[in-house]
Amino acid sequence: MDYAASFALIAPELVLTISGLVLLLVAAWGGDKASRMISIAAAVSLGGAFALAAPAVCTGATGLDTMAFGDLFRADAYANLAKLMIFAAAGAVLVVAPRFFTGIGEMRAEYPILVVFAALGMSIMVSATNLLTLYIGLELNSLAAYVLAAFLRDDERSAEAGLKYFVLGALASGILLFGMSLVYGFAGTTNFMGIAEAVQGDLSTGMLFGLIFMLAGLAFKISAAPFHMWTPDVYEGAPTPTTMFFASAPKVAAVALLARVMMEGFGTQVDAWRQVVIAAALLSIIIGALGAIGQTNIKRLLAFSSINNVGFILIGLAAATVTGISAMLVYLAIYVVMTVGSFVAVLLMRDAEGNQVEGISDLAGLSTTRPALAAVMAMLMFSLAGIPPLFGFWGKFVVFEAVVQADMLALAAIGIAASVIGAFYYIKVVKIMYFDEPAGTITGEGDTPHWALLFICAAIVSPLGYLLTPWLGELADGAAASLMLPA
Amino acid sequence: MGGFPILSVMLLVPLIGAIVCLFLDAKPARVVALATTMVNLALGIVLWANYEIGGEQWQFQEYHALFAGFAYALGVDGIALMLIMLSVFLMPICIGASWDAINKRVGEYMAAFLFMEVLMIGVFAAQDLFLFYIFFEAGLIPMYLIIGIWGGDNRIYASYKFFLYTLLGSVLMLIAMFWMVNASGTTYIPYLMEYDFAAEAQTWLWLAFFASFAVKMPMWPVHTWLPDAHVQAPTAGSVILAGVLLKLGGYGFIRFSLPMFPDASAQFVWLIWGLSMVAVVVTSLIALVQHDMKKLIAYSSVAHMGIVTVGLFAFNVQGLEGAMMIMLGHGLVSGALFLCVGVIYDRLHTREIARYGGLSINMPAYAVLFLLFTMASIGLPGTSNFVGEFLALAGIYQINSWVAFVCTTGIILGAAYMLYLYRRVCFGQQVNDDAAAMPDLSMREYLLLGPIAAAVLWMGVYPESFLAPMREDIAWLDERLAEAEPASDANLQQVAAAEGEAQ
């Protein structure tokens, strides 16, 4: 493997690394005054990385040609599809962040740079085919994320969110690392393909422990129940653009990573991890749904909603088939759009002075005072609940279709029945916006970038989104097929 | 009809109307909505006129393959045609009923109704399994908003209950659909109707579909969402709920459960009969003690639907024809009854039966029409429901006389509660001054109730117009069910006689 080819494969990561470092220097000299320019430059570099990652997705790249640095890193269609989602979500954060932070006088040049580094970390995560690359990517992402959570340093809730995320995130990283060391000890290699060879036949107890610890560590990162405790607090406390980021991009990265480890590394031991994934999936769906019911803060509600959605994503993984992985990717793509849309809508909830409003009760009667915002929000809620003809239904559709094809009917029946519980709080939000008397707190105006972003999300979530399905399905199928599953 | 995609046009017209209404003020929105529904009614009449009786089983077919094996497939047989006609007929009446009664957010209201129309026509015309599901399930959203925004005092509870009940019912059906597509390799409903699923699988599939249709129908004991939804919904919402949405359950049984899972249908026949018998008797008794007019009619709907299910699961032509006729007749009659309630509710703003009395004195025209629909609900010969109930009971009598006996009791009870209602509202002394001062029907109300009255009498006097398009489809279904038909009283005697001879 020559280095030139390897560097060509990591072109998106190179772009992000270089632009991140250069922008850091610009920030050091330019100070916060340069923050606007840095935001734009960061968004451009994410766009560049997006463009560089896209071809591999379209061609369904797989096999030896996608391996870089002796298979430490793989730029196959699977990884690159996840990267596209990550870069798009990160870009959306950069669109909304300046207005939010300038509004409270806290805009700093570091914010876009941290987003770029977090995106770089995630990009490495999804491409990792080695436990070490995996860990480097994960930690790069996490370290940037801790700072992003605590970015409002004068705000107690933000500081608390950052600290909580850091302590629990470090614990989870420790658990993951412990699992990885056990896997390495028993397999004798850190490469996923090597692990796959080592776990043929019966699984040794040590290896099983390693597998379970790794699962637990990664479950924390995707906030799957029962490792979800941190999610509502961090989502509530962190600045809203950061919450939007946490709810979208890292979910894609960690889920894609988890699926790759399980399918490529432990693909012959499906029975060992499937039950854990099923348990986590069902628990997430149920806890995510029940926990959301009593919430009064919209960000906490969306936190539980993300836990709920992770459950459905894991159901796709539990199928442990190529179709299941493809369904999971389709769900993730739709989920990212719905999440970004919901948070943009939350960001548009401002009172007359332009301050953020986060109470669910403040939404009361929004349909009479701000009909467009309410209509989009209602669409997003019905879509998250998976009601046709909105596009969110399609995500649930493909996931459950894959599970039924894998002949796991009980899981499908329980999972879909549990999804009805979730519908309750989504339609509660609609009820508050449409049936209640206006509270009149949300009067502030939005600006063009927000509305443009919201409009794009709304268009995709609306029935028009189905026009994307052939294309999305093709990309996801190609991506899922590019995984090198052990025979 | 050549290649004119009339079904797509019928979906498109209200869809465009709905989107336009969203951006209009009250007055133009009403006009646009009425015009749209009238256009669709006209298209429906064209559809019926061009439907070739005795022609191909599926007519007006449209097929466009979409992604992943799905298709945008539309087409109607006689059964679907009749239900589409019911929908397009009731829609302008619903818009008319909301003309003055709805004053807030009129544009959105009209849009919600027009969306409902799209979805209802779509459900009956869909020939792709998942297309059907999307139309079937999407109806929840506009109905939820109609009940929740324009409903009565307790509308929030009713809207939640409606939404969650029906959603829980339908999601299991989706899983069953995945399994069916996986096993049969097609999503095309006409193929699936002829596909023979393995007997054990049929049991589970049937139960999953049953969960959905029983809630929609609604069958006892999952009917409790209906009275709440009806009472809280605005008049037009009740009309559409009783007139068309309740028919989705029956349509589901006749389109999916019976032809696709005939063996399981035979296996579960006692479950259906049992629940239906309970429904007919118990809900009739409940209706007898209601103080709220809408609740009374809602419970009567559950009772009538019990006779529909019994007719469907009689496994013979009379039963099936009867069930279809009750569905059509009940759609008209219960819709009209809700309109009658709406007429006096608009004047006095109460549905309490005791607040009225002696209306035949000050509202004679109203009393006459109300009497007609009361009699039709009871099933008086000459009205639509008589035809349906007679056929359904004749059908079930052939197979089990006890079930027929219990269901007939329900009809007697039906006469009791409807006549009791009518006596308290229209006859007797004028005890309430404000009720006595109410003016008789306005021109608009004549125009709403008149066409329904004509249709009810037409169906009662010459049901052949309605039965003819469905005859071949019902005969086909009967043939499909022939092998699975459970042993009836008559069959048992023959079997016993045969055994006796053998000995």
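Chain naming here is simple, since letters A, B, ... match the order of the sequence lines and numbering starts at 1 in each.
Side-chain contact between B:Leu174 and A:Phe393 is present, with heavy atoms from C-beta onward closer than 4.5 Å.
Residue-environment remark: CD (A:Glu474) stays at or below the threshold of 12 foreign heavy atoms within 6.0 Å. No more than 12 heavy atoms of other residues, nucleotides or ligands shown are found within 6.0 angstrom of OH on B:Tyr157. Within 6.0 Å of atom CZ in A:Phe455, 12 or fewer heavy atoms from other residues, nucleotides or ligands are found, so the atom counts as exposed in its surroundings.
In terms of heavy-atom pairs under 4.5 Å with chain A, the best-connected choice from B:Tyr133, B:Phe136, B:Trp204, B:Trp150 is B:Tyr133. Your options are B:Val181, B:Leu140, B:Leu164, and the one with the most heavy-atom pairs under 4.5 Å with chain A is B:Leu164. Between chain B and the residues A:Asp407, A:Val403, A:Ile427, A:Val420, the largest count of heavy-atom pairs under 4.5 Å involves A:Ile427. Listed options B:Phe130, B:Tyr160, B:Trp179 were ranked by heavy-atom pairs under 4.5 angstrom with chain A; first place goes to B:Tyr160.
Neither the backbone nor the side chain of B:Ser170 comes within contact range of chain A; no heavy atom of the residue lies under 4.5 Å from a heavy atom of that chain. Neither the backbone nor the side chain of A:Ile421 comes within less than 4.5 Å of any heavy atom of chain B. Residue contact with chain B, scored on non-hydrogen atoms closer than 4.5 Å, involves the side chain of A:Phe382 exclusively. Using a 4.5 Å cut-off between heavy atoms, B:Leu22 makes no contact with chain A at all.
Distance CG/B:Leu167 to CD1/A:Ile387: 4.5 Å, rounded to 0.5 Å. We find the CD1-CE distance between B:Ile149 and A:Met433 to be 10.0 Å, quoted to the nearest 0.5 Å. Here A:Ser367 contributes atom OG and B:Glu108 contributes atom CD; the two are 6.0 Å apart, rounded to the nearest 0.5 Å. Distance CD1/B:Ile141 to CE/A:Met379: 9.5 Å, rounded to 0.5 Å. A distance of 7.5 Å separates CD1 of B:Ile134 from CH2 of A:Trp394, quoted to the nearest 0.5 Å. Between the NZ atom in B:Lys104 and the OG1 atom in A:Thr368 there is a gap of 9.5 Å [rounded to 0.5 Å].
Under the 30°/60° scheme for interplanar angles, the aromatic rings of B:Phe178 and A:Phe397 are found to stand perpendicular.
Here the side chain of B:Tyr144 pairs no donor or acceptor atom with the backbone of A:Val430 at under 3.5 angstrom. Under a 3.5 Å cut-off, the side chain of B:Arg155 and the backbone N or O of A:Phe435 do form a donor-acceptor pair.
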Could you go step by step and tell me if A:Tyr426 and B:Phe163 meet the ring pair (Phe, Tyr, Trp, His ring centres under 6.0 Å) rule?
CA-CA 11 Å; A:Tyr426 292 124; B:Phe163 193 98; over 10 Å; no

Verify side-chain contact (heavy atoms from CB on, under 4.5 Å) between A:Tyr434 and B:Arg105, making sure each step is shown before the conclusion.
CA-CA 11 Å; A:Tyr434 275 85; B:Arg105 304 165 77 172; 3.5 Å; yes

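Pairing each heavy atom of A:Ala417 with each of B:Leu168, the nearest pair is O-CD1, 4.1 Å.
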